[in-house]
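Written out below as structure tokens is the structure these notes cover.
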Amino acid sequence: MDRLSTLLAQFGMHATTIFAGVLGSELRFDAADRTAKLHLLRSGELLFQPDPQKPLLITEPSLLFIPRPCCHRLGPAVGLQGAQHPQLVSAALSFDGGLDNPLTTALPAYVLMPLADIAMLSGNLDWLFDEAFAQHCGKNAVLNRLFELVVIQLLRYMMANRSVSTGMMAGLADVRLSKAVTLMHDQPARAWSVAELASAASMSRASFAAKFHKVVGITPAEYLVSWRVSLTQKLLREGRPVALIADEVGYESPSALARTFRRKTGSSPREWLQLQQ
């Protein structure tokens with residue numbers, strides 16, 4: 001049972017390289033730029049300021065992943081004795097399903113990790129840095145794919161190390177709960193009962209329900225509804241009619257889907273789609 005494949009198939013990402021080189025002056029990113037950002041520091045010292053917080057000094061090769069649009073600045077540590085200009089490679093990431101997709105909303109505001117702590121990414125990072133600081137044909141196309149792979153490997157690492165303590169990512173990181181969460185991801189149209197999900201997790205109904213709520217933060221029924229609504233939002237963006245979406249995500253009629261959608265989002269599917277344009 002693959003915990004990530006269905007999630008990434010529905011809410012995959014597309015990277016665009018935006019910087020690769022020695023950073024000599026400040027880079028500014030605005031929340032109006034509706035993309036996530038992945039910054040990889042190869043060497044040197046880097047100042048990271050997530051507005052309106054105080055700046056953080058990064059002094060070792062590190063990964064900085066900002067999964068949702070966020071005002072922030074990156075710059076060389078000017079004035080710091082002995083500081084070297086940072087070698088930096090950065091990408092913007094757009095996600096299928098938009099900014100409010102389950103993957104990005106399940107992650108913290110930013111993830112900052114020394115590269116030495118994530119050895120499982122080392123091979124890909126070495127290749128990425130080699131591409132970034134060379135002049136090979138197709139350089140940006142290769143970098144874009146490597147950035148996407150880095151994010152997938154990072155998600156693997158975060159699940160293996162239970163880096164997120166609550167929400168969907170915590171549920172996927174739990175050996176037993178992940179089986180139930182993955183079933184809901186794979187078969188959203190099925191009317192899953194707590195008993196069926198508990199059986200898949202090899203737990204009693206009561207123990208499963210209590211642990212799911214504690215770890216994920218909501219009940220299994222609420223999670224299934226939220227997943228269905230997220231899929232509906234993605235399919236609406238793709239131009240699918242509500243009548244077809246309703247059957248695909250487990251509702252007996254478009255009106256039943258619309259009622260649930262309004263309860264979760266505060267607007268009808270049509271109103272919500274107009275707000276996205």
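Scope of the values below: all heavy atoms of this structure, side chains included, with no hydrogens, waters or symmetry mates.
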Query raised in the report: In terms of heavy-atom contacts, does CZ of R190 have more than 12 from other residues, nucleotides or ligands at under 6.0 Å?
Result: yes

Query raised in the report: Mind checking who shares a hydrophobic cluster with V175, ILVMFWY linked at side-chain heavy-atom distances under 4.5 Å?
Result: none

Query - Derivation of the side-chain contact (heavy atoms from CB on, under 4.5 Å) call for E131 and L146 - result: CA-CA 10 Å; E131 284 288 336; L146 290 174; 4.3 Å; yes

Query raised in the report: Can you list the steps and then say if V164 with M158 is a side-chain contact (heavy atoms from CB on, under 4.5 Å)?
Result: CA-CA 7 Å; V164 180; M158 293 178 72; 3.6 Å; yes

Query raised in the report: Among the clusters formed by ILVMFWY side chains lying less than 4.5 Å apart, do I152 and V181 turn up in the same one?
Result: yes

Report task. Measure across L64 and Y110 and return the closest heavy-atom pair with its distance rounded to 0.1 Å. Result -> CD1-CD1, 4.0 Å

Requested in this report: Kindly work out whether a path of hydrophobic side-chain contacts (I/L/V/M/F/W/Y, heavy atoms less than 4.5 Å apart) joins V194 to W192.
Outcome: yes

Query raised in the report: Step by step, would you call K37 with H72 a side-chain contact (heavy atoms from CB on, under 4.5 Å)?
Result: CA-CA 10 Å; K37 300 293 187 297; H72 63 285; 3.8 Å; yes

**Report entry** T17 side chain to N140 side chain, donor-acceptor N/O pair below 3.5 angstrom
**Finding:** no

**Report entry** T59-E45 side chain donor-acceptor pair, cut-off 3.5 Å
**Finding:** no

Query raised in the report: Are L41 and L115 connected in the hydrophobic side-chain network, where two residues link if heavy atoms are under 4.5 Å apart?
Result: no

Query raised in the report: Is R228 close enough and on-axis enough to Y251, meaning under 6.0 Å and within 45°, for cation-pi?
Result: yes

Requested in this report: Please examine the side chains of L8 and L103, heavy atoms only from C-beta on, and report whether any two atoms are closer than 4.5 Å.
Outcome: yes

Query - Aromatic centroids of Y223 and H185 separated by under 6.0 Å - result: yes

Query - Validation row, ring centre F29 to ring centre H39 under 6.0 Å - result: yes

Query raised in the report: Does a donor on one side chain sit under 3.5 Å from an acceptor on the other, for T35 and D33?
Result: yes

Query raised in the report: Of all heavy-atom pairs between L88 and L74, which one has the smallest distance, and what is that distance?
Result: CD2-CD1, 4.0 Å

**Report entry** Nearest atoms (heavy-atom pairs only) where A200 meets L183
**Finding:** CB-CD1, 3.4 Å

Query raised in the report: Where the side chain of S5 meets the backbone of D2, is there a donor-acceptor pair that is under 3.5 Å apart?
Result: no

Requested in this report: Would you kindly say whether D96 and Q10 are connected by a side-chain donor-acceptor distance under 3.5 Å?
Outcome: no

Report task. Verify the cluster assignment for I58 and L121: are they in a single hydrophobic cluster under the rule of side-chain heavy atoms below 4.5 Å apart? Result -> no

Report task. Check the surroundings of atom CZ in R156: do more than 12 heavy atoms from other residues, nucleotides or ligands lie under 6.0 Å from it? Result -> no

Query - Check: E222/T219 side-chain N/O donor and acceptor closer than 3.5 Å - result: yes

Query - Exercise: identify the closest heavy-atom pair between P76 and L47 - result: O-CD1, 4.0 Å

Report task. Let me see the working for L93 and T16 under side-chain contact (heavy atoms from CB on, under 4.5 Å), right down to the final yes or no. Result -> CA-CA 6 Å; L93 293 146; T16 302; over 6 Å; no

Report summary line: For residues 205-216, the salt bridge (charged side-chain N to carboxylate O under 4.0 Å, His left out) pairs (sequence neighbours left out) are D174-K211

**Report entry** Verify same cluster id: M159, L149 (apolar side-chain graph, 4.5 Å)
**Finding:** no

Query - Listed once per pair and sorted, the salt bridge (charged side-chain N to carboxylate O under 4.0 Å, His left out) pairs that draw on residues 264-277, sequence neighbours left out - result: R262-E271

Query raised in the report: W227 and F11: aromatic ring centres closer than 6.0 Å?
Result: yes

Query - L46 CG to L40 CG distance, which is reported to the nearest 0.5 Å - result: 11.0 Å

